Amino acid sequence: MEPIIEFRNYGFQYTAQAEPTLSDIDLRIFPGEKVLIVGPSGCGKSTLAHCINALNPCSRPGTSTGSLTVGGLTPEEAGVFGMSKIVGTVLQDTDGQFIGLTVAEDLAFALENDMVRQEEMHARVDEISGLVGMRDFLRRAPGELSGGQKQRVSMGGVLVDDVKILLFDEPLANLDPATGKDAIALIDEIGREQDKTVIIIEHRLEDALYRSVDRIVVMGDGRIRADGPPDEILCSDVLSREGIREPLYLTALKYAGCRVRPEDHPASVTTLEIAPYKDAIAGRYGGADPRVPETGGEEILRVEDLTYAYRPGEPVLKHVDLSVRRGEMVALVGKNGAGKSTLSSLICGFIKPAEGRILLSGEDMAGLTVKERGERIGLVMQSPNQMISKPMIREEVGLGLAARGVPEEEASRAVEDALRICGLYPFRNWPVGALSFGQKKRVSIASILAIRPDLLILDEPTAGQDYRHYTEIMEFLKDLNEKTGLTILMITHDMHLMLEYTDRAIVLADGECIADTTPARVLTDPEVCAKACLKETSLYPLALACGIEPPDLFVERFIALERGVRAAQADKGGAA
Amino acid sequence: MIKDITLGQYYPAESVIHRLDPRVKLVVTLLFIISLFVVDNIPGYALAFLFLAFWCGLSRVPLRFMLRGMRTIFFLLLMTVVFNLFLTPGTPLVSFWKLTITREGLRIALLMAVRLVFLIVGSSVMTFTTTPNHLTDALEALMRPLKRLGAPVHEIAMMMSIALRFIPILMEETDKIMKAQMARGADFESGGLIRRARSLVPLLVPLFISAFRRANDLALAMEARCYHGGEGRTRMIPLTYHARDRIAYGLLLLYLILAVVIGRDIFGLAAAIGGLPV
């Protein structure tokens, strides 16, 4: 069979860059194949994808070497427009690629560009909307849709054109875990039913493998490091070498000293042949309960009977009770729209509760302004770009103090302390623009720490970050928590984060608090997971298959091991 | 605070006006506004009022929605009235301290107030009953003759519809950024106008970064979906005139004739009847 995509000794260099982003790429993808391309941030996987649809070099100038053919065409010559007939691209930010003012018009956008007649257009839009399950939403505006629905529309928008290749650039970004699962399932169904060649670019390997793929291509540093069936790739050590997180159940097997073989089908926890490893696992994860008894620190935040509605009769929060103790790291989870952001807005005082109280160290905050609350509760937004407004690091970190009229000498000491804690002291006189994303994130955290709050609320601290950056940010927060005793509340969709770094998870669903317990218990409780659109950890089926009771204890033991391994790695890193 | 801006909001309802072709609504609104400046006597305004009441009544948009838009222009209205009231030369009516209200001033002030209120209510009916995309479609259709003169009509319409599409997203983003700054101690609500304007400067940097990134992403997405400019595109929902649109045009024509005849008092009827004031 002829390959539909063929890279031969291909290389690509952006005009704006000194080094080539891609080199020595030899890759053949055949019609009907489903290929997952994984790699850390900056490995060139998005560049590779954009060479296929000709956005490189047509929209972002650069020079290529070697040859590339896609569906018999050379993308560079066919141009973006020419390639859009063959390759349908779904970009990362589905909100940003919604062009039409309603779902129907957005789906029809490509047809409108193609001068298709109206009757045909309506028929096609009707058909495609059915395919992506959006037929009932045709007249909705993008603002009325959820993240998952927007992604369905984006997918439909490229399907109308009867393309041969579907290209997904990080389809899981910005979706809650259960919606992400649905998205992967939908991609799988459409690829199979419509007989498309599917290419998925992701760094979240375990989530992307929710439905099977034919091949995994591992990229690192602009080169292809490995290319093969998932079972083989998962058994090799190429993933950990390239800084891609392998599925948790495989890590668990490794810790138990098992060497998994391709013939055991490790691509999914459901297909995995568990029998040969059962005893090793039971031996490794038996034993004592690793949980440390709850530290009875004083209560720092208490929410009592909190109710809030944006519109009368539609409460977003219904009689929520919760408390956070000093020194805890707590995760606040739940699907989009469950009331997590509303809760943090209420705590920060942007909106006033309809009923109920919020107490900080036992004192009712009802009378405090946003600014006064800001001195004790720090809020860190998802992206540092949403917070940073000064050109110099020192100015940015001192902004909150300046706004409060703190005397200069005192402010400068507080700023330097905050910079030291965040490991940014050497950069104190640098411009913000010279920093990497992770460093910017630290600047945004330092600028809050300078105000010396008792409680830090972080909104999606690791969204869109690959495993290395994720670890970097989270280890930093963990350190902060351990060394300074700072209480941290994190709003997150990331199940790994919650499992590995928090002591407790508060789960919101439809405005109610449905669970408040250890993350391991939450993620081994199918009922809570389903209600809150979370994703059970893959350790749960593994625990069941090995007959370890109760499953959450198994997860606890695994996490304790994992933390130990990571601490050892960090020490090694520190020594080197 | 940013959500208080209601001007130009769509109010979903089932009404004849909602179903009218957007071109008709645009033409009616424009000509109605012009008529307000043509008419200059009380019967003329009474007629305009009748027309407006009919137009509003059919739209089924609650009156309080219409009047909410008035809040934003209250100061403009007040200033127009005050300036006209005190600064128009003519026959003095009342005079105190250094200020004099003249007969002409009173007349012009009242006229301007009525015109402004009618104008706002009249055009808000259009924005309340027409979705932004229909409005841009109508604009594009009505501006089409300008294409011959080399005006980039399609591009302008596409830009408008994208702008409309992104307003809510950027508003939300602004709200988020503002909250983050407020929690850090920024103050957007107290102080004079200049201080408040200055306090907004830190918001601009993150907002611009976000807007540019979005613009870039959208351009990529459009290109990847075969967009190649305005020539040779079909519309999914083309504009077509129905019977109700023709009736609307007929009624508009009738109103315009009456407005000119009565409002300008072409046949001297008012004088003949015995000289209505004004």
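Residue numbers start from 1 in every chain, and the chains themselves are labelled A, B, ... in the order their sequence lines are given, proteins ahead of strands. Predicted model only: the values in this text are computed from it and were never measured. Computed over heavy atoms, backbone and side chain alike; hydrogens, waters and symmetry mates excluded.
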Near B:Y241 OH, under 6.0 Å, is it more than 12 heavy atoms from other residues, nucleotides or ligands? yes
Neighbour count above 12 (heavy atom, 6.0 Å) for A:R404 CZ: yes
Cut-off 4.5 Å, heavy atoms of chain B, and the answer for A:S341 is neither
Count the heavy atoms of every other residue, nucleotide or ligand shown that sit under 6.0 Å from CZ of A:R139, and state whether that count exceeds 12. no
As an exercise: rank B:I162, B:N216, B:L203, B:I177 by heavy-atom pairs under 4.5 Å with chain A and give me the winner. B:I177
Side chain, backbone, both or neither of A:L401 within contact of chain B (heavy atoms, under 4.5 Å): neither
Specify which of A:L379, A:V87, A:L91 makes the most heavy-atom pairs with chain B at under 4.5 Å. A:L91
Residue part contacting chain B, namely of A:R373, when any heavy atom lies under 4.5 Å: neither
Which distance, rounded to the nearest 0.5 Å, do you find between the CE of B:M158 and the CD1 of A:I99? 7.5 Å
Would you mind checking which part of A:N53 comes under 4.5 Å of any heavy atom in chain B, side chain (CB onward), backbone (N, CA, C, O), both or neither? neither
Checked A:E372, A:M83, A:E396 vs chain B; the most non-hydrogen pairs under 4.5 Å come from A:E396
I need the minimum non-hydrogen distance between B:K176 and A:M381, along with the two atoms involved. O-CE, 3.4 Å
Heavy-atom pairs under 4.5 Å with chain A: which of B:A215, B:A219, B:A221 has the most? B:A221
Just to verify, what does A:F109 make a ring-ring contact (aromatic ring centres under 6.0 Å, His included) with, not counting sequence neighbours? B:Y227
Do any of residues 205-213 of chain B have a heavy atom less than 4.5 Å from a heavy atom of chain A, and if so, which, in residue order? B:V205, B:P206, B:R213
Quick check: are there more than 12 heavy atoms from other residues, nucleotides or ligands sitting under 6.0 Å from NZ of A:K371? yes
Value rounded to 0.5 Å, distance of CD in A:Q118 from OG1 in B:T240: 9.0 Å
Applying a strict 4.5 Å limit to non-hydrogen atoms, the region of A:V380 in contact with chain B is neither
Turns out that what part of A:M387 lies under 4.5 Å from chain B's heavy atoms comes down to both
Working for side chain to side chain contact (heavy atoms under 4.5 Å, CB included), residues A:S447 and B:R184: CA-CA 9 Å; A:S447 64; B:R184 285 169 73 186; 3.4 Å; yes
Need one label for B:E172: side chain, backbone, both or neither, based on atoms under 4.5 Å from any heavy atom in chain A. neither
Quick one: are A:N113 and B:M222 in side-chain contact, heavy atoms under 4.5 Å? no
Neighbour count above 12 (heavy atom, 6.0 Å) for A:K390 NZ: no
Here the gap from B:K179 atom NZ to A:C348 atom SG, rounded to the nearest 0.5 Å, amounts to 9.0 Å
Heavy-atom neighbours of B:E14 CD exceed 12 at 6.0 Å: no
Atom group of A:D106 that falls short of 4.5 Å from chain B, counting heavy atoms: both
How many angstroms lie between atom CD of A:Q386 and atom OG1 of B:T174, to the nearest 0.5 angstrom? 10.5 Å
Is it the side chain or the backbone of A:A450 that comes within 4.5 Å of chain B heavy atoms, both, or neither? neither
